[in-house]
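These notes concern the structure reproduced below.
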Amino acid sequence: MNPNASLLDRVGLDKVRVGKLIDRGIEGADDGELFLEYKQSEMLVFDNGRLKQATYDTNQGFGLRAVKDEAVGYAHASDVSEAAISRAADAVRAVKGGHSGKYAEAPGRTNVKLYSDDNPLEAPGFDAKVKLLETIDTYARAKDQRVKQVTASLGASWQVVEIVRADGQTYRDIRPLVRVNVSVVAASGDRQESGSYGYGGREGYQNFINAKTWEHAVDEAVRMALLNLESIPAPAGEMDVVLGAGWPGVMLHEAVGHGLEGDFNRKKTSAFAGLMGQQVAAKGVTVVDDGTIQSRRGSLSIDDEGTPTNRTVLIEDGILVGYMQDRQNARLMNMKPTGNGRRESHAHVPMPRMTNTYMTAGDRDPAEIIASVKNGVYCVNLGGGQVDITSGKYVFNVTEAYKVENGKLGAPLKGAMLIGNGPTDLKRVAMVGNDLKLDTGVGTCGKNGQGVPVGVGQPTLRMERITVGGTG
(Lines give C-alpha, C1' and ligand atoms only; values in the text may rest on other atoms or scores of the structure.)
Protein backbone atom coordinates (compact mmCIF):
# COMPACT_ATOMS: atom_id res chain seq x y z
CA MET A 1 0.00 0.00 0.00
CA ASN A 2 1.23 3.50 -0.86
CA PRO A 3 1.55 5.28 2.52
CA ASN A 4 0.89 8.63 0.88
CA ALA A 5 -2.41 7.57 -0.67
CA SER A 6 -5.66 8.74 0.89
CA LEU A 7 -7.71 5.89 2.32
CA LEU A 8 -10.74 7.24 0.48
CA ASP A 9 -8.81 7.18 -2.80
CA ARG A 10 -7.57 3.67 -2.03
CA VAL A 11 -11.12 2.29 -1.95
CA GLY A 12 -12.27 4.47 -4.86
CA LEU A 13 -14.56 6.84 -2.93
CA ASP A 14 -15.23 10.43 -3.93
CA LYS A 15 -14.37 12.83 -1.10
CA VAL A 16 -17.15 15.28 -2.01
CA ARG A 17 -19.84 12.56 -2.03
CA VAL A 18 -18.52 11.12 1.24
CA GLY A 19 -18.53 14.61 2.74
CA LYS A 20 -22.24 14.96 1.93
CA LEU A 21 -22.94 11.65 3.68
CA ILE A 22 -21.05 12.84 6.76
CA ASP A 23 -23.05 16.09 6.67
CA ARG A 24 -26.28 14.10 6.57
CA GLY A 25 -25.30 11.93 9.50
CA ILE A 26 -24.00 14.73 11.71
CA GLU A 27 -26.63 17.35 10.84
CA GLY A 28 -27.99 18.77 14.09
CA ALA A 29 -25.12 17.40 16.20
CA ASP A 30 -22.41 19.31 18.05
CA ASP A 31 -19.47 17.33 16.73
CA GLY A 32 -18.46 14.16 14.95
CA GLU A 33 -16.26 12.65 12.28
CA LEU A 34 -15.64 9.77 9.92
CA PHE A 35 -12.71 7.68 11.15
CA LEU A 36 -11.04 5.49 8.53
CA GLU A 37 -8.49 2.81 9.36
CA TYR A 38 -6.20 0.44 7.49
CA LYS A 39 -4.03 -1.87 9.61
CA GLN A 40 -1.56 -4.69 9.02
CA SER A 41 -0.27 -6.77 11.92
CA GLU A 42 1.88 -9.82 12.56
CA MET A 43 2.84 -12.04 15.48
CA LEU A 44 5.57 -14.69 15.48
CA VAL A 45 6.00 -16.90 18.57
CA PHE A 46 8.89 -19.34 19.03
CA ASP A 47 8.20 -21.72 21.90
CA ASN A 48 10.08 -24.76 23.18
CA GLY A 49 12.46 -24.88 20.24
CA ARG A 50 9.96 -24.47 17.40
CA LEU A 51 7.87 -21.86 15.64
CA LYS A 52 4.51 -22.18 17.35
CA GLN A 53 2.61 -19.25 15.83
CA ALA A 54 2.89 -17.07 12.75
CA THR A 55 -0.15 -14.88 12.15
CA TYR A 56 -0.69 -12.04 9.71
CA ASP A 57 -3.80 -9.88 9.58
CA THR A 58 -5.01 -7.02 7.42
CA ASN A 59 -8.04 -5.05 8.59
CA GLN A 60 -9.79 -1.96 7.36
CA GLY A 61 -12.98 -0.16 8.17
CA PHE A 62 -14.65 3.04 9.25
CA GLY A 63 -16.54 4.46 12.18
CA LEU A 64 -18.98 7.37 11.89
CA ARG A 65 -19.78 9.35 15.01
CA ALA A 66 -22.29 12.08 15.84
CA VAL A 67 -22.07 13.80 19.24
CA LYS A 68 -24.83 15.85 20.82
CA ASP A 69 -24.32 17.00 24.41
CA GLU A 70 -23.69 13.75 26.33
CA ALA A 71 -25.24 11.51 23.68
CA VAL A 72 -23.15 9.69 21.07
CA GLY A 73 -24.37 7.96 17.92
CA TYR A 74 -21.82 5.54 16.48
CA ALA A 75 -21.88 3.11 13.56
CA HIS A 76 -18.99 1.17 12.07
CA ALA A 77 -18.27 -1.41 9.37
CA SER A 78 -15.36 -3.21 7.74
CA ASP A 79 -16.95 -2.51 4.34
CA VAL A 80 -15.62 0.91 3.33
CA SER A 81 -18.18 1.77 0.67
CA GLU A 82 -20.55 4.59 -0.10
CA ALA A 83 -23.54 2.36 0.67
CA ALA A 84 -22.13 1.35 4.07
CA ILE A 85 -21.31 4.96 5.01
CA SER A 86 -24.82 5.99 3.93
CA ARG A 87 -26.36 3.37 6.23
CA ALA A 88 -24.10 4.55 9.06
CA ALA A 89 -25.20 8.14 8.49
CA ASP A 90 -28.84 7.10 8.87
CA ALA A 91 -27.99 5.24 12.09
CA VAL A 92 -26.14 8.05 13.87
CA ARG A 93 -28.76 10.72 13.05
CA ALA A 94 -30.65 9.58 16.15
CA VAL A 95 -28.64 11.96 18.35
CA LYS A 96 -29.62 15.16 16.51
CA GLY A 97 -32.03 17.77 17.83
CA GLY A 98 -32.08 21.09 19.62
CA HIS A 99 -28.87 22.09 17.85
CA SER A 100 -27.60 25.62 18.36
CA GLY A 101 -26.40 25.79 14.78
CA LYS A 102 -22.70 25.93 15.64
CA TYR A 103 -20.67 22.88 14.75
CA ALA A 104 -17.61 22.33 16.96
CA GLU A 105 -14.41 23.95 15.74
CA ALA A 106 -11.99 21.57 14.04
CA PRO A 107 -8.81 20.46 15.85
CA GLY A 108 -5.67 22.52 15.31
CA ARG A 109 -2.94 21.15 13.09
CA THR A 110 0.64 20.13 13.72
CA ASN A 111 3.66 19.50 11.49
CA VAL A 112 5.26 17.31 14.15
CA LYS A 113 5.89 13.66 13.23
CA LEU A 114 6.93 11.52 16.19
CA TYR A 115 7.67 8.37 14.17
CA SER A 116 8.48 7.32 10.63
CA ASP A 117 6.13 5.87 8.01
CA ASP A 118 8.22 2.68 7.80
CA ASN A 119 6.25 -0.56 7.77
CA PRO A 120 7.95 -3.00 10.19
CA LEU A 121 6.19 -5.95 8.54
CA GLU A 122 8.27 -5.46 5.39
CA ALA A 123 11.79 -5.82 6.82
CA PRO A 124 13.45 -7.98 7.81
CA GLY A 125 11.85 -10.87 5.95
CA PHE A 126 10.06 -13.85 7.46
CA ASP A 127 13.08 -16.18 7.35
CA ALA A 128 15.29 -13.62 9.12
CA LYS A 129 12.70 -13.14 11.87
CA VAL A 130 12.38 -16.86 12.48
CA LYS A 131 16.17 -17.22 12.53
CA LEU A 132 16.39 -14.44 15.12
CA LEU A 133 13.84 -16.14 17.38
CA GLU A 134 15.75 -19.41 17.07
CA THR A 135 18.99 -17.62 18.00
CA ILE A 136 17.33 -16.06 21.05
CA ASP A 137 16.13 -19.50 22.14
CA THR A 138 19.63 -20.99 21.80
CA TYR A 139 21.29 -18.08 23.59
CA ALA A 140 18.85 -18.28 26.53
CA ARG A 141 19.32 -22.02 27.01
CA ALA A 142 23.10 -21.60 26.98
CA LYS A 143 22.98 -19.03 29.77
CA ASP A 144 22.32 -21.55 32.53
CA GLN A 145 21.55 -25.26 32.67
CA ARG A 146 18.56 -24.53 34.90
CA VAL A 147 16.77 -22.81 32.00
CA LYS A 148 14.20 -25.40 30.87
CA GLN A 149 11.78 -23.46 28.65
CA VAL A 150 12.11 -20.40 26.42
CA THR A 151 9.38 -18.43 24.63
CA ALA A 152 10.32 -15.54 22.34
CA SER A 153 8.00 -13.42 20.23
CA LEU A 154 8.07 -10.64 17.67
CA GLY A 155 4.94 -8.56 17.12
CA ALA A 156 4.35 -5.54 14.88
CA SER A 157 1.61 -3.46 13.37
CA TRP A 158 1.36 -0.71 10.77
CA GLN A 159 -1.75 1.44 11.05
CA VAL A 160 -2.96 4.24 8.79
CA VAL A 161 -5.77 6.42 10.13
CA GLU A 162 -7.67 9.19 8.39
CA ILE A 163 -10.17 11.48 10.10
CA VAL A 164 -12.66 13.30 7.87
CA ARG A 165 -14.87 15.98 9.41
CA ALA A 166 -18.15 17.41 8.16
CA ASP A 167 -16.44 20.76 7.57
CA GLY A 168 -14.12 19.09 5.05
CA GLN A 169 -11.04 19.03 7.26
CA THR A 170 -8.97 15.85 6.95
CA TYR A 171 -6.31 14.55 9.37
CA ARG A 172 -3.98 11.64 8.72
CA ASP A 173 -1.45 9.59 10.69
CA ILE A 174 0.72 6.54 9.94
CA ARG A 175 1.65 4.56 13.04
CA PRO A 176 4.24 1.77 13.23
CA LEU A 177 4.49 -0.31 16.42
CA VAL A 178 6.89 -3.10 17.38
CA ARG A 179 7.25 -5.30 20.46
CA VAL A 180 9.76 -8.04 21.33
CA ASN A 181 9.28 -10.34 24.32
CA VAL A 182 11.34 -13.10 25.95
CA SER A 183 10.06 -15.41 28.71
CA VAL A 184 11.97 -18.26 30.38
CA VAL A 185 11.21 -20.93 32.94
CA ALA A 186 14.03 -22.13 35.19
CA ALA A 187 13.93 -25.20 37.42
CA SER A 188 15.91 -26.42 40.40
CA GLY A 189 14.77 -29.68 41.95
CA ASP A 190 10.99 -29.60 42.24
CA ARG A 191 10.81 -25.81 42.06
CA GLN A 192 10.07 -23.88 38.86
CA GLU A 193 10.08 -20.10 38.43
CA SER A 194 9.69 -17.77 35.49
CA GLY A 195 11.13 -14.49 34.29
CA SER A 196 10.37 -12.23 31.35
CA TYR A 197 11.48 -9.05 29.63
CA GLY A 198 9.88 -7.08 26.80
CA TYR A 199 10.60 -3.92 24.85
CA GLY A 200 9.34 -2.00 21.84
CA GLY A 201 8.24 1.32 20.38
CA ARG A 202 6.88 3.18 17.37
CA GLU A 203 9.52 2.41 14.74
CA GLY A 204 10.75 -0.44 12.56
CA TYR A 205 12.50 -3.54 13.83
CA GLN A 206 16.03 -2.27 13.16
CA ASN A 207 16.86 -0.92 16.64
CA PHE A 208 15.12 -3.80 18.41
CA ILE A 209 16.76 -6.81 16.79
CA ASN A 210 20.44 -5.95 17.06
CA ALA A 211 22.38 -8.41 19.20
CA LYS A 212 23.11 -6.02 22.05
CA THR A 213 19.41 -5.26 22.54
CA TRP A 214 17.97 -8.78 22.41
CA GLU A 215 20.85 -10.24 24.43
CA HIS A 216 20.06 -7.75 27.21
CA ALA A 217 16.40 -8.85 27.10
CA VAL A 218 17.39 -12.51 27.42
CA ASP A 219 19.88 -11.76 30.19
CA GLU A 220 17.18 -9.98 32.19
CA ALA A 221 14.58 -12.72 31.68
CA VAL A 222 17.06 -15.39 32.80
CA ARG A 223 18.21 -13.27 35.74
CA MET A 224 14.62 -12.89 36.92
CA ALA A 225 13.86 -16.60 36.67
CA LEU A 226 17.04 -17.59 38.54
CA LEU A 227 16.45 -14.90 41.15
CA ASN A 228 12.95 -16.21 41.77
CA LEU A 229 14.39 -19.67 42.40
CA GLU A 230 16.18 -18.17 45.41
CA SER A 231 13.23 -16.07 46.65
CA ILE A 232 11.63 -16.47 50.06
CA PRO A 233 7.99 -15.83 51.06
CA ALA A 234 7.20 -12.12 51.29
CA PRO A 235 6.29 -10.66 54.68
CA ALA A 236 2.86 -9.14 55.25
CA GLY A 237 1.83 -5.98 57.04
CA GLU A 238 2.08 -2.21 56.88
CA MET A 239 5.58 -1.00 56.07
CA ASP A 240 7.60 1.45 54.00
CA VAL A 241 7.81 0.55 50.32
CA VAL A 242 10.41 1.68 47.80
CA LEU A 243 9.22 1.51 44.20
CA GLY A 244 11.92 1.21 41.54
CA ALA A 245 12.24 3.52 38.54
CA GLY A 246 10.52 2.80 35.21
CA TRP A 247 7.88 0.09 34.88
CA PRO A 248 6.59 0.37 38.49
CA GLY A 249 4.98 3.56 37.17
CA VAL A 250 2.23 1.19 36.02
CA MET A 251 0.83 1.54 39.55
CA LEU A 252 0.67 5.32 39.09
CA HIS A 253 -1.01 4.75 35.71
CA GLU A 254 -3.69 2.49 37.16
CA ALA A 255 -4.25 3.86 40.64
CA VAL A 256 -4.01 7.56 39.74
CA GLY A 257 -3.94 8.08 35.95
CA HIS A 258 -7.37 6.65 35.17
CA GLY A 259 -8.86 8.84 37.88
CA LEU A 260 -7.56 11.92 36.03
CA GLU A 261 -9.30 11.12 32.73
CA GLY A 262 -11.96 13.66 31.84
CA ASP A 263 -14.99 11.38 31.52
CA PHE A 264 -14.65 9.92 35.03
CA ASN A 265 -14.42 13.44 36.47
CA ARG A 266 -17.28 14.86 34.42
CA LYS A 267 -19.48 12.02 35.63
CA LYS A 268 -18.07 12.43 39.17
CA THR A 269 -17.14 8.74 39.36
CA SER A 270 -13.45 9.47 39.98
CA ALA A 271 -11.91 9.73 43.44
CA PHE A 272 -10.39 13.01 42.15
CA ALA A 273 -13.69 14.57 41.01
CA GLY A 274 -14.17 18.14 42.28
CA LEU A 275 -10.61 18.43 43.62
CA MET A 276 -9.14 20.73 40.95
CA GLY A 277 -6.69 23.15 42.55
CA GLN A 278 -6.47 21.15 45.76
CA GLN A 279 -3.59 19.23 47.33
CA VAL A 280 -4.01 15.61 46.22
CA ALA A 281 -0.42 14.38 46.62
CA ALA A 282 2.66 15.04 48.70
CA LYS A 283 4.69 18.13 47.86
CA GLY A 284 7.34 17.29 45.29
CA VAL A 285 5.01 14.98 43.36
CA THR A 286 4.42 16.09 39.76
CA VAL A 287 2.58 13.83 37.31
CA VAL A 288 2.32 14.44 33.56
CA ASP A 289 0.82 12.72 30.53
CA ASP A 290 3.02 13.28 27.49
CA GLY A 291 2.06 11.94 24.08
CA THR A 292 4.80 13.90 22.31
CA ILE A 293 7.90 11.81 23.13
CA GLN A 294 9.68 10.60 19.99
CA SER A 295 8.99 6.97 19.01
CA ARG A 296 7.55 5.94 22.38
CA ARG A 297 4.89 3.22 22.51
CA GLY A 298 2.26 5.54 23.96
CA SER A 299 3.05 8.52 21.73
CA LEU A 300 0.83 9.84 18.92
CA SER A 301 1.40 12.69 16.48
CA ILE A 302 -2.37 13.25 16.61
CA ASP A 303 -5.02 11.47 18.64
CA ASP A 304 -7.94 9.58 17.10
CA GLU A 305 -10.01 12.76 16.77
CA GLY A 306 -7.24 14.67 14.96
CA THR A 307 -6.08 16.73 17.95
CA PRO A 308 -2.28 17.03 18.32
CA THR A 309 -1.07 15.33 21.49
CA ASN A 310 0.39 17.39 24.32
CA ARG A 311 2.49 17.31 27.45
CA THR A 312 -0.34 17.74 29.95
CA VAL A 313 0.55 18.46 33.58
CA LEU A 314 -1.96 16.65 35.79
CA ILE A 315 -0.52 17.11 39.28
CA GLU A 316 2.05 19.84 39.99
CA ASP A 317 3.97 19.79 43.27
CA GLY A 318 1.08 17.86 44.79
CA ILE A 319 -1.71 20.14 43.43
CA LEU A 320 -4.30 18.82 40.96
CA VAL A 321 -4.04 21.12 37.92
CA GLY A 322 -5.36 19.20 34.92
CA TYR A 323 -7.31 16.35 33.39
CA MET A 324 -6.82 14.35 30.19
CA GLN A 325 -9.52 15.28 27.70
CA ASP A 326 -11.05 14.20 24.44
CA ARG A 327 -13.23 16.65 22.50
CA GLN A 328 -16.62 15.72 23.95
CA ASN A 329 -15.64 15.82 27.62
CA ALA A 330 -13.55 18.96 27.15
CA ARG A 331 -16.55 20.76 25.65
CA LEU A 332 -18.93 19.58 28.37
CA MET A 333 -16.45 20.60 31.10
CA ASN A 334 -15.62 23.93 29.41
CA MET A 335 -11.99 22.90 29.05
CA LYS A 336 -9.62 22.41 26.11
CA PRO A 337 -8.98 19.03 24.43
CA THR A 338 -5.55 17.71 25.39
CA GLY A 339 -5.04 15.21 22.56
CA ASN A 340 -6.13 12.21 24.64
CA GLY A 341 -9.10 11.08 22.52
CA ARG A 342 -8.16 7.48 21.69
CA ARG A 343 -9.85 4.35 20.35
CA GLU A 344 -8.71 0.77 19.85
CA SER A 345 -9.90 0.66 16.23
CA HIS A 346 -12.53 1.90 13.81
CA ALA A 347 -15.02 -0.35 15.62
CA HIS A 348 -14.67 1.65 18.85
CA VAL A 349 -15.81 5.09 19.97
CA PRO A 350 -13.02 7.43 21.21
CA MET A 351 -12.74 8.36 24.88
CA PRO A 352 -10.18 10.07 27.15
CA ARG A 353 -7.16 7.76 27.44
CA MET A 354 -3.59 8.07 28.68
CA THR A 355 -0.53 8.17 26.38
CA ASN A 356 2.79 8.15 28.30
CA THR A 357 2.02 8.90 31.96
CA TYR A 358 4.79 9.39 34.48
CA MET A 359 5.97 11.12 37.63
CA THR A 360 8.81 13.59 37.09
CA ALA A 361 12.17 13.30 38.83
CA GLY A 362 12.98 14.65 42.28
CA ASP A 363 16.36 15.35 43.85
CA ARG A 364 17.12 12.29 46.00
CA ASP A 365 19.72 9.66 45.20
CA PRO A 366 18.14 6.17 44.85
CA ALA A 367 20.77 4.67 47.16
CA GLU A 368 19.89 7.29 49.78
CA ILE A 369 16.21 6.35 49.49
CA ILE A 370 16.87 2.66 50.11
CA ALA A 371 19.29 3.48 52.96
CA SER A 372 16.52 5.47 54.69
CA VAL A 373 14.28 2.41 55.13
CA LYS A 374 14.58 0.48 58.39
CA ASN A 375 11.98 -2.17 57.68
CA GLY A 376 10.33 -2.44 54.29
CA VAL A 377 10.23 -3.82 50.78
CA TYR A 378 11.99 -2.67 47.59
CA CYS A 379 9.73 -3.37 44.59
CA VAL A 380 11.69 -3.36 41.33
CA ASN A 381 9.04 -4.77 38.99
CA LEU A 382 5.26 -5.06 39.14
CA GLY A 383 2.92 -7.45 37.39
CA GLY A 384 -0.84 -7.27 36.97
CA GLY A 385 -3.19 -5.29 39.17
CA GLN A 386 -6.78 -4.27 39.80
CA VAL A 387 -8.09 -0.78 40.53
CA ASP A 388 -11.49 0.66 41.43
CA ILE A 389 -11.64 4.10 39.78
CA THR A 390 -14.37 5.42 42.05
CA SER A 391 -12.71 4.55 45.35
CA GLY A 392 -9.09 4.52 44.18
CA LYS A 393 -8.46 1.14 45.85
CA TYR A 394 -5.83 -1.04 44.16
CA VAL A 395 -4.06 -4.41 44.41
CA PHE A 396 -0.81 -5.09 42.51
CA ASN A 397 1.31 -8.20 42.22
CA VAL A 398 5.06 -7.65 42.59
CA THR A 399 7.27 -9.73 40.28
CA GLU A 400 10.66 -8.63 41.64
CA ALA A 401 11.09 -7.48 45.24
CA TYR A 402 13.65 -7.50 48.05
CA LYS A 403 13.42 -7.22 51.81
CA VAL A 404 14.99 -4.03 53.19
CA GLU A 405 16.35 -4.04 56.75
CA ASN A 406 18.29 -1.16 58.28
CA GLY A 407 18.89 0.38 54.86
CA LYS A 408 20.32 -2.79 53.32
CA LEU A 409 18.85 -4.97 50.59
CA GLY A 410 18.13 -8.51 51.74
CA ALA A 411 16.70 -11.66 50.20
CA PRO A 412 14.52 -11.64 47.08
CA LEU A 413 10.83 -12.07 47.87
CA LYS A 414 8.09 -14.14 46.29
CA GLY A 415 4.35 -13.54 46.43
CA ALA A 416 4.39 -9.86 47.46
CA MET A 417 1.32 -7.71 46.78
CA LEU A 418 0.79 -3.99 47.24
CA ILE A 419 -2.64 -3.06 48.61
CA GLY A 420 -3.85 0.48 49.06
CA ASN A 421 -5.71 3.53 47.82
CA GLY A 422 -4.22 5.69 45.06
CA PRO A 423 -5.35 9.15 46.22
CA THR A 424 -4.43 8.34 49.82
CA ASP A 425 -1.05 6.83 49.00
CA LEU A 426 -0.06 9.77 46.77
CA LYS A 427 0.16 11.74 50.01
CA ARG A 428 2.46 9.09 51.49
CA VAL A 429 5.27 9.70 49.00
CA ALA A 430 8.14 10.73 51.27
CA MET A 431 11.12 10.75 48.88
CA VAL A 432 11.35 11.15 45.08
CA GLY A 433 14.49 9.99 43.28
CA ASN A 434 16.49 11.80 40.62
CA ASP A 435 16.47 8.76 38.31
CA LEU A 436 13.31 9.16 36.20
CA LYS A 437 13.01 6.28 33.76
CA LEU A 438 10.29 5.33 31.30
CA ASP A 439 9.29 1.72 30.74
CA THR A 440 10.82 -0.32 27.94
CA GLY A 441 7.78 -0.10 25.68
CA VAL A 442 5.39 -2.91 26.64
CA GLY A 443 2.30 -1.28 28.15
CA THR A 444 -1.28 -1.89 27.00
CA CYS A 445 -4.11 -0.14 28.82
CA GLY A 446 -7.66 -1.48 29.06
CA LYS A 447 -10.75 0.67 29.54
CA ASN A 448 -14.38 -0.14 28.73
CA GLY A 449 -13.26 -3.17 26.74
CA GLN A 450 -10.76 -1.24 24.61
CA GLY A 451 -7.00 -1.77 24.66
CA VAL A 452 -4.48 0.85 23.48
CA PRO A 453 -0.66 1.00 23.69
CA VAL A 454 0.65 3.24 26.48
CA GLY A 455 3.85 4.17 28.29
CA VAL A 456 4.52 4.58 32.01
CA GLY A 457 7.41 5.79 34.10
CA GLN A 458 8.67 7.23 37.36
CA PRO A 459 11.81 7.73 39.43
CA THR A 460 12.59 5.65 42.52
CA LEU A 461 10.01 6.47 45.24
CA ARG A 462 9.70 5.89 48.94
CA MET A 463 6.12 5.54 50.18
CA GLU A 464 5.32 5.30 53.89
CA ARG A 465 2.90 2.92 55.61
CA ILE A 466 1.81 0.87 52.59
CA THR A 467 0.03 -2.43 53.12
CA VAL A 468 2.04 -5.35 51.76
CA GLY A 469 0.27 -8.64 51.29
CA GLY A 470 2.59 -11.62 51.49
CA THR A 471 2.83 -15.34 52.04
CA GLY A 472 5.32 -15.31 54.90
Side-chain angles (χ1 to χ4, degrees), residues 1-3 7 10-11 35-63 76-80 115-140 149-161 173-185 194 196-210 213-214 217-218 221 295 297-298 300 304 342-348 384 440-446 449-455:
M1 175 185 172
N2 179 3
L7 292 180
R10 182 178 177 275
V11 294
F35 179 87
L36 298 155
E37 176 190 32
Y38 175 86
K39 186 176 183 179
Q40 297 176 335
S41 59
E42 71 172 3
M43 175 61 70
L44 279 71
V45 179
F46 200 87
D47 181 54
N48 245 1
R50 64 184 180 87
L51 185 65
K52 186 176 182 180
Q53 176 184 341
T55 58
Y56 298 86
D57 291 304
T58 299
N59 294 294
Q60 69 176 19
F62 74 87
H76 62 88
S78 56
D79 171 24
V80 185
Y115 27 80
S116 74
D117 294 346
D118 294 343
N119 187 341
L121 279 71
E122 294 179 349
F126 174 77
D127 290 344
K129 290 171 183 172
V130 174
K131 180 63 177 176
L132 172 62
L133 292 172
E134 187 176 6
T135 304
I136 289 174
D137 179 273
T138 302
Y139 178 82
Q149 184 176 346
V150 180
T151 303
S153 63
L154 299 175
S157 64
W158 188 75
Q159 181 192 37
V160 182
V161 303
D173 197 20
I174 300 175
R175 303 167 178 172
L177 189 65
V178 164
R179 176 170 172 175
V180 182
N181 201 77
V182 180
S183 299
V184 303
V185 175
S194 61
S196 65
Y197 188 89
Y199 58 96
R202 288 201 179 277
E203 52 187 294
Y205 276 115
Q206 184 176 359
N207 291 326
F208 299 124
I209 61 175
N210 64 71
T213 304
W214 66 254
V218 174
S295 301
R297 180 174 171 87
L300 294 170
D304 293 326
R342 305 188 62 187
R343 60 181 105 200
E344 179 179 322
S345 74
H346 67 273
H348 300 85
T440 55
V442 297
T444 297
C445 171
Q450 294 191 41
V452 296
V454 296

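Because the structure is a prediction, the values reported are computed rather than measured.
- When all heavy atoms are compared, the tightest approach of Asp304 to Phe35 is O-CD1, 3.6 Å.
- Inter-residue side-chain proximity for Thr151 and Val182 is flagged as unmet; no heavy-atom pair is nearer than 4.5 Å.
- For the pair Val218 and Tyr197, the minimum side-chain heavy-atom distance is 4.5 Å or more.
- Residue Trp158 comes nearest to Leu121 through the heavy atom pair N-CD1, 4.3 Å, listed as atom of the first residue, atom of the second, then distance.
- Ser345 is not listed as a side-chain neighbour of Asn59, based on a closest heavy-atom distance of 4.5 Å or more.
- Going from atom CD of Glu203 over to atom OG of Ser295 covers 5.0 Å, rounded to the nearest 0.5 Å.
- The distance from atom OG1 of Thr55 to atom CD of Gln53, rounded to the nearest 0.5 Å, is 4.5 Å.
- Between His348 and His76 the shortest side-chain heavy-atom distance does not fall below 4.5 Å.
- For Ser194, the side chain to side chain donor-acceptor pair (under 3.5 Å) criterion is met by no residue, not counting sequence neighbours.
- Within the 4.5 Å cutoff, the side chain of Phe46 has no heavy atoms near those of the Thr135 side chain.
- In this structure, a donor-acceptor pair under 3.5 Å is absent between the side chains of Gln450 and Arg342.
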Practice item. Show your reasoning for whether side-chain hydrogen bond (donor to acceptor under 3.5 Å, both in side chains) applies to Ser116 and Arg202. Key: CA-CA 8 Å; Ser116 74; Arg202 288 201 179 277; over 6 Å; no

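- Glu42 pairs by the side chain to side chain donor-acceptor pair (under 3.5 Å) definition with Lys129, Tyr205, not counting sequence neighbours.
- Interatomic distance, CG of Leu133 versus CG of Asp47, reported as 11.0 Å (0.5 Å rounding).
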Check your understanding: Passes side-chain contact (heavy atoms from CB on, under 4.5 Å), Leu7 versus Val80? Steps please.
Key -> CA-CA 9 Å; Leu7 292 180; Val80 185; over 6 Å; no

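- Here the CG atom belonging to Leu154 is positioned 10.5 Å from the CZ atom belonging to Phe126, to the nearest 0.5 angstrom.
- With sequence neighbours left out, the side chain to side chain donor-acceptor pair (under 3.5 Å) criterion links Arg343 to Glu33, Tyr74.
- When side chains are defined from C-beta on, Thr58 does not count as touching Lys39, because their heavy atoms never get closer than 4.5 Å.
- Atom CD1 of Ile174 sits about 4.0 Å away from atom CG of Asp117, to the nearest 0.5 Å.
- Salt-bridge check for Asp137 with Arg50: failed, with every basic side-chain N at 4.0 Å or more from each acidic carboxylate O.
- No hydrogens or angles considered: a donor-acceptor pair under 3.5 Å links the side chains of Glu37 and Gln159.
- Here the shortest heavy-atom pairing between Ala140 and Val150 reads CB-CG2, 3.8 Å.
- Nearest approach of Phe208 to Thr213, heavy atoms of both residues: O-CG2, 3.9 Å.
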**Study point:** Worked check of side-chain contact (heavy atoms from CB on, under 4.5 Å) between His346 and Val161
**Key:** CA-CA 9 Å; His346 67 273; Val161 303; over 6 Å; no

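- For the pair Leu44 and Val130, the tightest heavy-atom approach, listed with the atom from each and the gap, is CD2-CG2, 4.0 Å.
- With rounding to the nearest 0.5 Å, the separation of OG in Ser196 from CG in Asn181 is 6.0 Å.
- For Arg179 and Ser153, the side-chain atoms include no donor-acceptor pair closer than 3.5 Å.
- In terms of heavy-atom proximity, Tyr199 sits nearest to Val442 at N-CG1, 3.5 Å.
- Between Met43 and Val45 there is a side-chain heavy-atom pair separated by less than 4.5 Å.
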Practice item. Please lay out, stage by stage, how Gln40 and Asn119 fare under the test side-chain hydrogen bond (donor to acceptor under 3.5 Å, both in side chains). Key: CA-CA 9 Å; Gln40 297 176 335; Asn119 187 341; 2.7 Å; yes

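- The distance between the ring centers of Tyr139 and Trp214 falls below 6.0 angstrom.
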